[in-house]
Amino acid sequence: MNIKNAYVKKIFDIDRRELVISYSDFVYLCGINQWNKNYTVVNREIKKFLNILLDYKIEYSTRNGFYTFVCFERAEHNYSDQHIKITFQKDFYNMVVSYSLGFTSFELVEFIALSSKYTKTLYRLLKQYKSTGEFYIQWQEFVKIMDIPKSYAQIDIDRQILQPAIKELTKEFELCKDTKNKRIPFGNLAYQKIKAGVGNKVVAIKFNFDKSKDDYQPFRYKETPLIETKEQNYLNQFIGKYTIIIKEKVNVKVEILELHRIYEDGLLFLDIIARDIQTNETLNERLPFSNELHLKQSLEKSCKDEPNELR
């Protein structure tokens, strides 16, 4: 799913304009493959996605005018605590939380995902009649609201505006990357031009579509605590297993008690808290890794279910 839409949705579950999200959640939602990359490369990709967010703007038209503004005013990636902080632009935040566009959260995500200004304007018009499934408007008024160039012939309007908009508004839309929820903005959407008078001139247009089933449920985002992240869950499977730690050039067989992934200055480390199986002493060790794949391969190779399996 489009990364811009993913972060716009999170605005509905925060009571301030600032969103703080963990490194692992951000990487997951952006679809960044971090397993075989060092952290310099991953951080470069994070920077690229943050720049995409800051460049994004929303625009729409009403009978009274045209409006456009950016959605995000600031983004920060803190290397020390590995959190990403995103600040929503004030006007956009106020517009969304007050529902001044008249959208539910799902509808706002649909609206932002639309590619054409004509499709977005038509979406706004049709949503006002979602309970009836029918929208009728005089042709000249429709042309004015849609901001269709006067030079466009009827066939141009069909091919370049109406048909592409109908196609986009009737396709299945994925609401969230990590859910199976999907919606179609307007099921069975079709239009009919009404003609009358001399020369069979178009005087109005009528749209028909499936009535809304009112299946809206508010999207709720909660930052994943570290212990629940995908990476930490992976580490948890090695707790209680046995491995070898080198202390003062001596191999020490230990039982793993805790594992913690640490990021410092863009580098990856693994903190190990373990019990020496001979002395029962608690040991602490920090090991460096070049990337997630290196960490994963090292754990899978060195950890055993029983101490007598260690070599």
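- Glu134 is listed as a side-chain neighbour of Lys206, based on a closest heavy-atom distance under 4.5 Å.
- Taking both residues in full, the closest heavy atoms of Pro307 and Ile277 are given as CB-CD1, 3.6 Å, listed atom of the first, atom of the second, then distance.
- Residues Lys241 and Glu306 are not paired through a salt bridge, judged by the lack of any N-O separation under 4.0 Å between the basic side chain and the carboxylate.
- Listed here is the closest heavy atom pair of Asp158 and Pro164: O-CD, 3.9 Å.
- Residues Ile273 and Ile244 are members of separate hydrophobic clusters, defined by side-chain heavy-atom contacts under 4.5 angstrom among Ile, Leu, Val, Met, Phe, Trp and Tyr.
- Put simply, the side chain of Leu169 reaches to within 4.5 Å of the side chain of Thr119, judged on heavy atoms.
- One hydrophobic cluster, built from ILVMFWY side chains closer than 4.5 Å, cannot hold both Ile84 and Val70; they sit in different ones.
- Linking ILVMFWY side-chain heavy atoms closer than 4.5 Å, directly or via other members, places Leu259 and Leu310 in two distinct hydrophobic clusters.
- Distance CG/Leu162 to CG/Leu122: 7.5 Å, rounded to 0.5 Å.
- Asp156 places a side-chain N or O within 3.5 Å of a backbone atom of Ala153 that can act as its donor or acceptor partner.
- Across all their heavy atoms, Glu73 and Leu54 have their closest contact at C-CD2, 3.9 Å.
- Under 4.0 Å is where a charged nitrogen must lie from a carboxylate oxygen, and between Glu76 and Arg74 at least one such pair does.
- The ring of Phe209 has its center no closer than 6.0 angstrom to the ring center of Tyr129.
- To the nearest 0.5 Å, atom OH of residue Tyr118 and atom CD1 of residue Ile148 are 7.0 Å apart.
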Item to check | Residue pair Lys117, Asp147: steps toward the salt bridge (Lys or Arg N to Asp or Glu O under 4.0 Å) verdict | outcome: CA-CA 9 Å; Lys117 71 171 186 177; Asp147 193 26; 3.5 Å; yes
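- Put simply, Val252 and Tyr242 are part of two different groups of oily side chains (I, L, V, M, F, W, Y) that touch within less than 4.5 Å, one to the next.
- Between Asp276 and Lys253 there is no salt bridge, since no side-chain nitrogen of the basic residue lies less than 4.0 Å from a carboxylate oxygen of the acidic one.
- In summary, the aromatic rings of Phe142 and Tyr136 are positioned with their centroids too far apart to meet the 6.0 Å limit.
- Arg275 pairs in a side chain to side chain contact (heavy atoms under 4.5 Å, CB included) with only one of the listed residues (Ile256, Asn280, Val254, Leu283), which is Asn280.
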Enumerate donor-acceptor pairs with a distance under 3.5 Å from any side-chain N or O in residues 195-205 to protein atoms, sequence neighbours excluded.
none

Next on the checklist: Show, in sequence, the C-alpha distance, side-chain angles and deciding distance for Ile272 and Ile245, and conclude whether the side chain to side chain contact (heavy atoms under 4.5 Å, CB included) test is met.
Outcome noted: CA-CA 9 Å; Ile272 301 176; Ile245 291 178; 4.2 Å; yes
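- Of all the heavy atoms in Pro288 and His294, the pair that sits closest is O-CE1, 4.3 Å.
- For Glu309, the CD atom sits in a packed shell: over 12 heavy atoms of surrounding residues, nucleotides or ligands are nearer than 6.0 Å.
- The aromatic rings of Tyr191 and Phe207 are tilted relative to each other, their planes meeting at an angle between 30° and 60°.
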Next on the checklist: Assess the residue pair Leu235 and Leu270 against the criterion (side chain to side chain contact (heavy atoms under 4.5 Å, CB included)); give the C-alpha distance rounded to whole Å, side-chain angles, the decisive distance to 0.1 Å, and a yes or no.
Outcome noted: CA-CA 10 Å; Leu235 294 180; Leu270 184 66; 4.1 Å; yes
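- Distance check, rounded to the nearest 0.5 Å: CG of Leu295 to CD of Gln297 gives 10.0 Å.
- Distance check, rounded to the nearest 0.5 Å: OG of Ser116 to CD of Gln160 gives 10.5 Å.
- Rounding to the nearest 0.5 angstrom, the gap separating the CG atom in Asp271 from the CG atom in Asn284 is 8.0 Å.
- Residue Lys304 comes nearest to Lys301 through the heavy atom pair NZ-O, 3.5 Å, listed as atom of the first residue, atom of the second, then distance.
- Within the model, atoms CG of Asn236 and CD of Glu258 stand 10.0 Å from one another, a figure rounded to the nearest 0.5 Å.
- Lys167 NZ: 12 or fewer foreign heavy atoms inside a 6.0 Å radius.
- Across all their heavy atoms, Lys211 and Gly133 have their closest contact at CG-N, 4.0 Å.
- Clustering ILVMFWY residues whenever any of their side-chain heavy atoms sit less than 4.5 angstrom apart, transitively, puts Ile137 in the very cluster that holds Ile161.
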Checklist entry - Leu287 and Glu285: side chain to side chain contact (heavy atoms under 4.5 Å, CB included), yes or no, with the steps? => result CA-CA 7 Å; Leu287 304 176; Glu285 188 76 9; 3.7 Å; yes
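- Aromatic ring centroids of Phe269 and Phe289 lie 6.0 Å or more apart.
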Next on the checklist: With side chain to side chain contact (heavy atoms under 4.5 Å, CB included) as the criterion, how do Lys193 and Gln154 come out once you've worked through the C-alpha distance, each side chain's angles and the decisive distance to 0.1 Å?
Outcome noted: CA-CA 10 Å; Lys193 291 180 178 178; Gln154 288 294 336; 2.5 Å; yes
